[in-house]
Amino acid sequence: MSAEKITLTLPDGSAREFPAGATPLEVARTIGERLAKAAVAGEIDGAIVDLRAPIRRSGKFRVLTPRDPEAGVVIRHSAEHVLADAVERLFPGTIIDAGRQDHAEKFQYDFRFPRGFTPEDLEKIEQEMARIVKEARPFERKVVTRTQAAAIFKNRKEEIKLVRLADIPEGDEITVFQHGEFVDLCRGPHVQRTDQIGAFKLIDTSGAYFKGDERNEMLQRIYGTAFATRDELDAYFAKIEEARRRDHRRLGKDLDLFSFSPLAPASPFFHPKGALVYNQLLAFMRSLYVKYGYQEVITPQLFDAELWKTSGHYFHYKENMFFSEVDEHEFGLKPMNCPSHCVLFGVHAHSYRELPLRIADFGRLHRYERSGVVQGLTRVRSFCQDDAHIFCMPSQIGQEVSSLFDMMFEVYGTFGFSEPVIYLSTKPEKAMGDPALWESSEAQLEKCLKERGVPYTVNAGDGAFYGPKIDFVVHDAIGREWQLGTIQLDWNLPERFKLAYVGEDGGEQRPVMLHRAVLGSVERFFAVMLEHFAGDLPLWLAPEQARVLPVSDKFLDAARAVKSRLVAAGLRADVDERSEKLGAKIRDGELGKVPVLLIVGAREAEAGGASVRVRHRGDLGSKTLDEIVAAMTTTTKQRALNPWPEAQ
RNA sequence: GCUGGCGUAGCUCAACUGGUAGAGCAGCGGAUUUGUAAUCCGCAGGUUACGGGUUCGAGUCCCAUCGCCAGCUCCA
């Protein structure tokens with residue numbers, strides 16, 4: 001064993017031999033004492049490993065120091081242990097559970113504590129953590145047997161840890177990490193000493209179910225974050241602040257787009273301006289429906305429970321539906337459009353020549369969402385989707401999915417979202433239908449993805465109850481992920497509704513159904529888009545595209561004439577008729593995020609034009625009305641992101 | 001639904017340990033006639049979310065309800 005050697009390739013390209021089982025720390029020492037001292041973790045072939053964990057195989061190796069962004073997760077993970085240590089010091093007898101899996105941004109620890117932690121508690125805990133950090137306690141890593149681990153935690157009366165220990169699969173290596181008095185069951189990796197945690201801050205507390213299961217006891221959770229430096233910590237909070245500034249609930253109120261009332265919880269009221277934006281989104285999708293061959297329909301809201309029994313929603317989705325009783329019949333508000341489209345498909349006899357039949361519906365949907373989960377426009381009880389169902393022959397699935405990819409990319413590109421990341425979600429636990437059908441459906445979607453040649457990730461068990469799906473996730477202007485479009489393959493509903501078309505051979509065939517939405521929920525998309533643009537909507541979406549600002553009341557008539565001209569050209573414009581100073585009107589226009597401000601004074605009134613001021617870009621000088629109308633019309637028609645052509 | 005926090009004028013926020021609600025902006029009226037991010041003066045605006053309770057007295061303390069926020073769980 002001791003004779004075995006491994007080869008590590010260092011970042012400078014050099015390869016060195018080490019005895020198998022050498023630790024990253026030992027390797028770091030051979031490179032340089034200062035590096036070893038600064039080290040927070042090792043990295044082998046891209047995987048972060050603890051400095052004290054023996055390396056058993058050859059690979060690309062490097063030492064991570066606080067300067068490497070990758071070191072953050074190790075620092076946060078270590079700060080997590082310091083948090084638990086501080087809580088144990090301040091509140092002896094507190095039973096600790098476990099930390100966080102994902103340390104990309106935050107750390108957390110769950111505690112069994114008789115009450116919620118208060119802000120004062122957090123302050124004290126932070127101070128205690130600062131003390132522990134300053135003490136520069138070394139982290140020690142120990143490999144222990146199951147019995148030894150059990151003894152440690154039994155001795156410490158950490159009963160939850162014993163449950164966690166029992167969850168570790170037989171045969172896995174069990175490690176504990178200790179710094180000072182504090183010991184925890186942990187895989188690591190951790191920094192060398194607590195003082196390598198450069199800057200940290202506790203963020204918030206909340207309740208959290210043990211093992212994330214609501215049938216279990218609720219523990220008290222503390223969240224925090226940590227970075228190598230104060231600057232990084234500050235940048236993190238600046239990012240949070242930026243997200244707050246963009247919060248669609250804030251913008252919706254400020255820009256008078258929508259509101260909520262306790263009389264209709266979680267159901268938005270779109271104000272005139274908001275409704276205008278909303279309808280522009282629908283108009284955009286309708287224009288694509290022409291291009292991609294869809295037919296739009298309008299279907300009922302309320303259906304006899306029989307429909308939901310046939311579709312399976314009555315058995316798989318009932319807890320999310322609103323029901324009421326009429327004429328001694330149970331009726332349910334639709335949470336999805338698919339069953340009514342199946343009814344619609346069944347109205348006529350269909351020939352294979354008509355397929356694929358693409359049926360679109362902006363029908364209002366109602367879903368009961370538990371009171372604790374609703375949030376702004378992103379999670380509501382009343383909404384609509386840019387929904388469509390494609391009835392086609394099995395042989396047409398490939399071309400339909402391919403065409404959907406084109407549509408998705410076209411839509412997301414229009415808003416300037418990143419190239420979507422694609423996920424394939426497979427059979428969930430609560431699934432309907434023949435497992436063999438599921439398998440072949442999943443295989444078909446996978447085949448489409450491969451043929452298209454796009455990278456994707458499999459999300460096992462995340463499919464809809466009636467079929468597997470492909471999801472599209474985009475990143476917004478500040479890098480946050482949003483799941484938008486979805487394509488779901490469904491053999492079940494056509495079967496349950498006994499849908500059929502007459503095939504080439506004259507025999508009855510069963511169509512397959514594709515459920516798809518590009519924006520997803522229009523309400524949710526509205527929120528995502530608003531935050532993405534920080535309220536600065538592109539011209540085609542702006543409720544008020546231009547505002548005419550007379551320099552003084554003397555030019556009111558000239559200003560009204562400019563507005564009339566724009567309105568006649570199909571643009572949305574208004575006049576600021578208040579007898580305010582120009583500066584005030586400009587300020588209000590900018591704050592109101594109006595894309596184009598048109599200033600009319602003596603010079604412009606005489607020349608018959610206006611001085612153009614573009615949002616966030618300032619004064620572009622005087623233009624004729626023809627130029628202004630032409631520029632704005634073009635930008636609107638093109639659905640350009642920029643409110644005014646760049647070259648001007 | 002669960003844990004914790006919050007709810008004062010249209011908006012943003014004040015009101016020490018319980019002592020009888022106040023400011024800015026917005027609105028309205030008037031003056032001003034303005035050239036690229038806030039003109040001045042005045043007026044009006046609140047059963048302090050809602051319903052109980054404790055108290056001589058409740059925005060403030062207690063209970064219940066509704067809603068909102070951060071999480072948990074769930075999800076478009």
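To find a chain, count down the sequence lines: A is the first, B the second, and so on, and within it residues start at 1. Values below: all heavy atoms of this structure, side chains included; hydrogens, waters and symmetry mates excluded.
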If the [atom1] atom of [N] is compared with that of [M], how far apart are they to the nearest Å?
N	M	atom1	answer
B:C2	B:A26	P	43 Å
B:G7	B:A14	P	9 Å
B:C50	B:G10	P	12 Å
B:C66	B:G52	C1'	15 Å
B:U17	B:U12	P	24 Å
B:C69	B:A23	P	31 Å
B:G19	B:A31	C1'	42 Å
B:G71	B:A58	C1'	32 Å

For a quick test of reading the model: is some side-chain N or O of A:Arg367 closer than 4.0 Å to OP1 or OP2 of B:A76?
no
Please determine whether a side-chain nitrogen or oxygen atom of A:Gln375 lies at a distance below 4.0 Å from atom OP1 or OP2 of B:A70.
yes
Considering Watson-Crick and G-U wobble pairs with both distances under 3.5 Å, what does [N] pair with?
N	result
B:G1	B:C72
B:G67	B:C6
B:U54	none
B:C43	B:G27
B:A21	none
B:U34	none

Hydrogens and angles aside, do A:Asn337 and A:His389 bring a side-chain donor and acceptor to less than 3.5 Å of each other?
no
Give a yes-or-no answer on whether the side chains of A:Glu419 and A:Tyr412 include a donor-acceptor pair shorter than 3.5 Å.
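Per modelled atom types, A:Glu419 and A:Tyr412 side chains form no pair under 3.5 Å.
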Do [X] and [Y] come close enough that some side-chain heavy atom pair is under 4.5 Å?
X	Y	value
A:Met407	A:Tyr289	yes
A:Met285	A:Val522	no
A:Arg367	A:Phe383	yes
A:His313	A:Phe303	no
A:Gln385	A:Met336	no

Of all the nucleotides listed ([options]), which has the minimum atom distance to the side chain of [X]?
X	options	result
A:Val380	B:A76, B:U33, B:U34	B:A76
A:Ser552	B:G67, B:G1, B:U33	B:U33
A:Asp204	B:A76, B:A70, B:U34	B:A70
A:Lys554	B:U33, B:C68, B:G35	B:U33
A:Arg249	B:A76, B:U12, B:C69	B:C69
A:Lys469	B:C66, B:A37, B:A76	B:A76
A:Leu591	B:C2, B:U34, B:A37	B:A37
A:Ala584	B:U34, B:A38, B:U33	B:A38
A:Arg603	B:C2, B:U39, B:G35	B:G35
A:Arg379	B:A37, B:C74, B:G67	B:C74

Quick one: does [X] reach the base of [N] with a side-chain donor-acceptor pair under 3.5 Å?
X	N	answer
A:Arg587	B:A38	yes
A:Ser579	B:U32	yes
A:Glu369	B:A76	yes
A:Tyr368	B:G1	no
A:Thr205	B:U3	no
A:Arg221	B:A70	no

When we call it a touch if two heavy atoms are under 4.0 Å apart, what does [X] touch: a base, just sugar-phosphate, or nothing?
X	answer
A:Ala602	base
A:Arg250	sugar-phosphate
A:Glu523	nothing
A:Lys585	nothing
A:Gly583	sugar-phosphate
A:Ser261	nothing
A:Glu604	base

Integer-rounded Å distance: [N] [atom2] and [X] [atom1]:
X	N	atom1	atom2	result
A:Leu549	B:A38	CG	C1'	14 Å
A:Glu217	B:C72	CD	P	17 Å
A:Met321	B:C74	CE	C1'	17 Å
A:Leu365	B:C75	CG	P	17 Å
A:Arg370	B:G67	CZ	C1'	18 Å
A:Leu202	B:G4	CG	C1'	16 Å
A:Tyr423	B:C75	OH	P	16 Å
A:Asp247	B:A70	CG	P	7 Å

Would you kindly compare A:Pro262 and A:Gln483 by the position of their nearest RNA chain B nucleotide and give the one closer to the 5′ end?
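This one resolves to A:Pro262.
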Given RNA chain B, 5'-ward residue of the pair A:Glu580 and A:Leu519, judged by closest heavy atom:
A:Glu580
Quick check, does A:Tyr223 stack with B:G71? I mean ring centres under 5.5 Å and planes off by under 30°.
no
Considering non-hydrogen atoms only, spot the tightest contact between A:Gly485 and A:Met408 and give its length.
CA-SD, 4.0 Å
Treating A:Lys273 as the side-chain partner and A:Glu544 as the backbone partner, does any N or O pair qualify as donor plus acceptor under 3.5 Å?
no
Show, in sequence, the C-alpha distance, side-chain angles and deciding distance for A:Lys239 and A:Glu105, and conclude whether the salt bridge (Lys or Arg N to Asp or Glu O under 4.0 Å) test is met.
CA-CA 11 Å; A:Lys239 206 177 111 194; A:Glu105 286 199 327; 3.0 Å; yes
